[in-house]
Asker: 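Below is the structure I would like to discuss, written out as structure tokens.
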Amino acid sequence: MGSGLAVPPIFSPIPPEIHPCHVDADVQTAAWAETFRIGSDELRGRLVTQQIGTFSARILPEGREELVSLLADFILWLFGVDDGHCEEGELGRHPGELAGELHRLLRVAQNPEVPMLGDDPLAAGLRDLRLRVDRYGTPGQAARWVDALREYFFSVVWEAGHRSAGTVPDLNDYTLMRIYDGATTVVLPMLEMGHGYELQPHERDRTAVRAATEMASFIITWDNDIFSYHKEKRATGYYLNALRVLEEHLGLTPDQALETAISQRDRVMCLYTRLTEHLDDQGSPQLRQYLRSLGHFIRGAQDWGITSVRYTTPEDPADMPSYFCDKPTDDSDAPLDIPAVSWWWDLLSRGARAADAPSTAPWSA
């Protein structure tokens with residue numbers, strides 16, 4: 001039985017775009033999954049129907065076609081790990097064993113020539129992905145991609161701990177870890193590679209730019225939790241998303257949790273829009289392109305989330321919106337009561353006050 005939860009149109013001020021290669025990207029990614037035998041036959045059969053190539057084409061609508069293909073293959077590979085090992089596989093209930101397996105995969109990502117996991121399809125796919133990252137990216141981008149993969153692996157092991165114990169984390173911990181276990185950060189280096197540039201550390205590592213990136217991750221993962229709630233709740237076994245956390249720790253009904261989650265992501269979207277507009281005004285061409293790509297990532301995840309059979313579950317249809325709206329349900333300037341991210345609002349207000357002294361302001365740190 002489904003959740004019975006009707007998701008209303010969600011606020012999105014970002015216009016949709018898609019790369020013209022999206023149909024080919026779906027076909028090519030399905031072929032790549034078959035070539036490397038990603039996941040079980042049953043899992044792979046589901047993944048190749050979920051328009052993952054189209055998702056990638058929405059993230060990089062103006063990017064290099066070979067990077068649309070690389071990103072699509074990587075996203076499918078991530079679902080092979082997340083669905084196959086973490087959510088549906090036995091390892092997902094044994095965090096210690098999962099950590100060992102993921103660290104072996106990480107070693108392959110660090111050096112695809114290591115003589116390990118020779119018969120493992122996920123390792124073979126990862127070797128191919130790493131070689132293509134080296135072909136299209138810089139050594140620095142490859143290193144950041146591996147570092148982000150480590151963060152993602154660390155966070156899904158944390159989630160496996162809760163799955164094995166049947167516990168639900170509190171909202172602050174969930175928010176912090178969702179930035180990483182949603183696998184958004186591992187996509188970021190490919191946003192740069194997709195357009196053939198490398199964002200320099202003095203811009204990428206600025207506190208305000210990092211905050212904008214985290215906000216994008218929050219919006220993408222909160223939207224995913226909203227759109228995937230029906231799929232996850234109708235399945236048997238443990239599931240974890242923002243709505244369940246809100247139900248468990250705030251004592252909310254599903255409808256109240258949905259309303260609260262939408263309010264939270266709307267408030268972050270309003271802040272994100274203000275912050276990125278400011279950064280765009282003062283940034284380099286590379287930073288402006290990076291910020292545009294973050295926007296494409298947010299909107300691409302939204303459009304894919306309400307159309308992919310992964311979440312619409314045609315056999316038991318989810319009650320999804322067919323469009324997005326241009327007005328937030330909550331445009332308050334007040335920070336969310338979540339310590340892990342409430343500093344985003346403090347940073348923006350400090351930056352506005354310290355605009356004449358950028359060298360000493362956290363805004364430009």
Side-chain angles (χ1 to χ4, degrees), residues 14-33 50-79 109 125-126 128-149 151-152 182-201 203-205 209-210 212-217 219-221 224 272 276 279-280 283-305 308:
I14 305 166
E17 293 190 49
I18 191 167
H19 198 288
C21 76
H22 62 93
V23 175
D24 289 340
D26 279 328
V27 173
Q28 292 166 4
T29 294
W32 184 86
Q50 293 174 0
Q51 296 184 304
I52 293 171
T54 293
F55 181 24
S56 177
R58 292 186 185 280
I59 296 172
L60 291 172
E62 300 168 348
R64 295 189 285 176
E65 189 169 334
E66 59 269 29
L67 263 297
V68 174
S69 179
L70 171 57
L71 177 56
D73 294 349
F74 180 45
I75 292 172
L76 186 141
W77 184 90
L78 287 166
F79 282 132
L126 185 57
D128 177 73
L129 293 167
R130 172 58 199 259
L131 292 172
R132 291 157 70 191
V133 166
D134 287 341
R135 184 182 315 151
Y136 300 120
T138 67
Q141 287 168 334
R144 288 195 302 279
W145 179 70
V146 172
D147 286 345
L149 200 58
E151 290 178 333
Y152 165 67
T184 53
T185 57
V186 290
V187 170
L188 301 177
M190 293 186 183
L191 301 184
E192 299 177 28
M193 286 185 268
H195 292 273
Y197 70 93
E198 183 170 22
L199 194 60
Q200 294 304 300
E203 288 195 304
R204 183 191 308 105
D205 297 333
V209 176
R210 288 190 288 107
T213 301
E214 288 189 2
M215 290 178 208
S217 291
I219 296 163
I220 292 166
T221 54
N224 179 260
Y272 169 85
T276 53
L279 291 170
D280 190 75
S284 68
Q286 291 79 15
L287 179 59
R288 291 197 294 271
Q289 178 58 64
Y290 177 74
L291 296 172
R292 281 196 298 275
S293 294
L294 282 182
H296 291 318
F297 192 5
I298 292 171
R299 182 57 195 251
Q302 292 168 341
D303 286 318
W304 184 67
S308 173

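This is a predicted model, so every value here is computed, not measured.
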Asker: Within this structure, what is the CZ-OG1 distance for the pair R288 and T276, rounded to the nearest 0.5 Å?
Answerer: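 OG1 of T276 is found 13.5 Å from CZ of R288.
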
Asker: Looking at R58 and R299, would you say the former's side chain and the latter's main chain have a donor-acceptor pair under 3.5 Å?
Answerer: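 Answer holds: no.
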
Asker: Checking the side chain of R204 only, and the main-chain atoms of V209 only, is there a donor and an acceptor separated by less than 3.5 Å?
Answerer: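 Flag not set: sc R204 to bb V209 has no pair under 3.5 Å.
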
Asker: Say you draw a straight line from CD of Q141 to CE of M193; how long is it, rounded to the nearest 0.5 Å?
Answerer: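 So the gap between those two atoms works out to 5.5 Å.
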
Asker: Are L149 and F74 packed together at the side-chain level, in the sense that at least one heavy-atom pair is separated by less than 4.5 angstrom?
Answerer: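 Yes, close enough: below the 4.5 Å cut-off.
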
Asker: Give the minimum heavy-atom separation between Q28 and D73, together with the two atoms involved.
Answerer: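 What the structure gives for the nearest pair is O-OD1, 4.5 Å.
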
Asker: Regarding R144 and E192, does a basic nitrogen lie under 4.0 Å from an acidic carboxylate oxygen?
Answerer: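 Judged by the 4.0 Å cut-off on N to carboxylate O distance, R144 and E192 do form a salt bridge.
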
Asker: Do Q50 and L76 make a side-chain contact, defined as non-hydrogen atoms from C-beta onward lying under 4.5 Å apart?
Answerer: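 Not touching, per the 4.5 Å side-chain cut-off.
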
Asker: Do the side chain of Q286 and the main chain of Y197 share a donor and acceptor less than 3.5 angstrom apart?
Answerer: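 Side chain of Q286 to backbone of Y197: no pair is present.
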
Asker: Is a side-chain N or O of R210 found less than 3.5 angstrom from the main chain of D205, in a donor-acceptor match?
Answerer: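 Confirmed, R210 side chain pairs with D205 backbone.
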
Asker: Show your working on side-chain contact (heavy atoms from CB on, under 4.5 Å) between F297 and T213 and close with a plain yes or no.
Answerer: CA-CA 11 Å; F297 192 5; T213 301; over 6 Å; no

Asker: Show the nearest heavy-atom pair for residues E17 and H296, with the distance to one decimal.
Answerer: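 It is OE2-CE1, 3.2 Å.
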
Asker: Can you confirm whether T184 sits close enough to L188 that some side-chain heavy atom of one is under 4.5 Å from a side-chain heavy atom of the other?
Answerer: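 Of all side-chain heavy-atom pairs linking L188 with T184, none is under 4.5 Å.
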
Asker: What are the two closest non-hydrogen atoms of W145 and V186, and how far apart are they?
Answerer: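 Nearest heavy atoms, W145 then V186: CD1-O, 3.4 Å.
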
Asker: Can you list the steps and then say if D303 with I18 is a side-chain contact (heavy atoms from CB on, under 4.5 Å)?
Answerer: CA-CA 10 Å; D303 286 318; I18 191 167; over 6 Å; no

Asker: To the nearest 0.5 Å, what is the distance between CD1 on I14 and CD1 on I298?
Answerer: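 Result: 4.5 Å between the selected atoms.
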
Asker: So which atom in E198 and which in T138 form the shortest heavy-atom distance, rounded to 0.1 Å?
Answerer: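 Scanning both residues, the minimum pair turns out to be OE2-OG1, 3.0 Å.
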
Asker: Any side-chain heavy atom of T185 sitting closer than 4.5 Å to one from D147?
Answerer: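 Contact flag for T185/D147 side chains = no.
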
Asker: Give a yes or no on whether the backbone of A25 and the side-chain of E65 come within a donor-acceptor separation of less than 3.5 Å.
Answerer: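 Not confirmed, E65 side chain does not pair with A25 backbone.
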
Asker: Any non-hydrogen side-chain atom of F55 less than 4.5 Å from a side-chain atom of L71?
Answerer: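 With C-beta onward as the side chain, the pair stays apart.
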
Asker: Would you compute the distance between atom CD of Q289 and atom CG of L191 and round it to the nearest 0.5 angstrom?
Answerer: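 So the gap between those two atoms works out to 9.0 Å.
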
Asker: Taking all atoms of both residues into account, what is the closest heavy-atom pair of L67 and M190, and its distance?
Answerer: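 Looks like CD1-O, 4.5 Å.
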
Asker: Measuring from L294:CG to L279:CG, what's the distance to the nearest 0.5 Å?
Answerer: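 Interatomic distance, L294 CG to L279 CG, rounded to 0.5 Å: 10.0 Å.
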
Asker: Where is the tightest heavy-atom contact between V68 and C21, given as atom of each residue plus distance?
Answerer: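 Of all heavy-atom pairs spanning V68 and C21, the closest is CG1-SG, 3.8 Å.
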
Asker: How long is the straight-line distance from OG1 of T29 back to CG of D24, given to the nearest 0.5 Å?
Answerer: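 Separation between the atoms: 10.5 Å.
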
Asker: Any donor and acceptor pair, going by atom type alone, linking the side chain of S308 with main-chain N or O of W304 inside 3.5 Å?
Answerer: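 Answer holds: no.
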
